[in-house]
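Keep in mind that this is a model prediction, so the values were computed, not measured. Residue indices begin at 1 and follow the sequence shown.
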Amino acid sequence: MDVVKEVLAKHQKELEKYKPITVDKHLECRLDVGTLLITDPNDFDDRELRDNREEYLTALTRENTQLLLNAIWELPTERVDESIVAKLPEPTTVLPRLRKVPGPRPLTKWEKFAKEKGITKKKRDKKTYDDTLDKWVPTYGFKRAEAEKSKDWILEVPQNADPNTDMFQKKIDLRNEKVAKNEIQRMKNIVRARKVDMPRSGYLGPEAASSSQLLTAVTVAKSSTASVGKFQNKLPKEKEARGLGVKELIPGGKRKASHITSNEREANLDLIKSVLHKKPKLNVDKAISMQKEEDRLAREAEGGPARKAKPKGKGSRKAVGKKPKGNHGQRAPGKKTQAGRKRR
């Protein structure tokens, strides 16, 4: 009996590791299987959250995940490559996003032509066998250039070409031209996809440019010289480009009026002049006093008589006390007064 009880206890202990797939909630959770989202409106148990925080949150997460999985298993399923796949319904929760949902990539000119003609793209092998090198070389990639360099270690000069022509440099230039042509085609695909108007200046091609646009391009090209097109010859019956913004494109042409007012322009000119023609300010009174001080010190050093200060007032008579007004008051009593002229 002890062995039986021990086996049953061990089995019961193993069963406790697995939680049941049924979950009871006081309030029903809101499920959005399309976005695999579940919202639990039930309140937290404050005591459990305070005492056993990690265990409580782990158990709550397991229960909500179990509810979501139960809803997924109720959906129609199918087998794809030995795997059971459930078909999710359309989502019901609207998720905010900053930008609009990107649409399908527009087809390039070649992709559109291939689709109309029914041309399918064939998958190329990563390596091909080269009879000249007698080995497998990459079909594309950076190691492809090394294989070509080792293969074309000598190039034949055509009979109608100059014997001193550098065929290696000519091959490099031809490759650069192809790269530039592909880049121009890529930019044209972008412009065509975005439905943006082509620029007015520059060569646009006869299939994309109108007569007025070509005329504007010719006018801009002629006026883009050192003489602003003054010495450029004109074709017979050549017309001048017209239209809004043509003069702004031509170098040296008439520009729009400045937004700066006359008062602001004068203030700016004065500021520039004060910065460019900055001179030290001269204090005349201070300079004169400093010069007099230097002269006095020089005379004292030579032993000459110092210049006497001029007496204040008229004549040589020293200034005395304030004269009293007629029949009003008297001079300070007990103070001797200096003899002066008699009053008349």
Side-chain angles (χ1 to χ4, degrees), residues 32-37 72 75-81 83-128 137-148 170-224 239 241-251 256:
D32 185 5
V33 187
T35 55
L36 301 179
L37 175 67
I72 292 174
L75 298 174
T77 58
E78 62 181 4
R79 184 177 293 275
V80 177
D81 296 336
S83 301
I84 299 176
V85 180
K87 296 182 179 180
L88 298 179
E90 291 295 328
T92 58
T93 304
V94 180
L95 298 177
R97 56 182 296 128
L98 180 62
R99 296 179 178 86
K100 63 178 182 179
V101 179
R105 184 179 64 86
L107 299 177
T108 61
K109 191 175 181 180
W110 164 250
E111 290 175 348
K112 187 177 180 181
F113 175 78
K115 186 176 180 180
E116 293 175 354
K117 299 297 182 180
I119 302 174
T120 57
K121 186 177 180 181
K122 297 180 180 180
K123 187 177 181 181
R124 296 188 299 171
D125 297 331
K126 291 185 177 180
K127 287 188 176 183
T128 55
V137 296
T139 308
Y140 49 86
F142 70 98
K143 291 186 178 181
R144 174 68 179 178
E146 296 180 1
E148 289 292 335
K170 190 174 182 180
K171 186 177 180 180
I172 293 173
D173 295 342
L174 183 61
R175 179 176 178 81
N176 293 337
E177 289 179 3
K178 289 182 179 179
V179 172
K181 184 179 178 180
N182 292 337
E183 181 65 19
I184 292 174
Q185 190 63 37
R186 186 182 71 86
M187 299 300 294
K188 285 184 178 181
N189 290 333
I190 294 175
V191 172
R192 189 182 298 107
R194 296 185 178 181
K195 298 180 181 179
V196 180
D197 295 335
M198 297 292 285
R200 299 183 61 180
S201 61
Y203 179 69
L204 306 177
E207 71 279 358
S210 61
S211 58
S212 60
Q213 290 175 335
L214 291 175
L215 186 60
T216 302
V218 171
T219 306
V220 172
K222 283 189 174 182
S223 58
S224 299
K239 299 180 181 179
R242 296 180 180 180
L244 184 63
V246 174
K247 293 184 178 180
E248 282 74 8
L249 293 174
I250 300 175
K256 294 181 180 179

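Heavy-atom minimum distance, Tyr140 versus Asp125: CE2-O, 4.3 Å. Smallest separation of non-hydrogen atoms from Asn189 and Lys109: OD1-N, 3.6 Å.
From Arg79, atom CZ reaches atom CD1 of Ile84 across 4.5 Å, with rounding to the nearest 0.5 Å. If you take CZ on Arg186 and OG1 on Thr108, they are separated by 12.0 Å, rounding to the nearest 0.5 Å. Here Lys178 contributes atom NZ and Leu174 contributes atom CG; the two are 5.0 Å apart, rounded to the nearest 0.5 Å. The CD atom of Glu183 sits 11.0 Å away from atom CD of Gln185, with the distance rounded to the nearest 0.5 Å. Atoms CD and CG, on Glu116 and Leu107 in that order, are 9.5 Å from each other to the nearest 0.5 Å. Between the CD atom of Glu111 and the CZ atom of Arg105 there is a distance of 4.5 Å, given to the nearest 0.5 Å.
Atom NZ of Lys171 has more than 12 neighbouring heavy atoms from other residues, nucleotides or ligands inside a 6.0 Å radius.
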For residues 85-92, which side-chain donor-acceptor pairs fall under 3.5 Å, sequence neighbours excluded?
residue : atom : partner : partner atom : Å
Thr92   : OG1  : Asp32   : OD1          : 3.3

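Residues Val137 and Arg144 have side chains in contact (heavy-atom distance under 4.5 Å, counting atoms from C-beta outward).
The existence of a salt bridge linking Glu146 and Lys143 is excluded, since no basic side-chain nitrogen approaches an acidic carboxylate oxygen closer than 4.0 Å.
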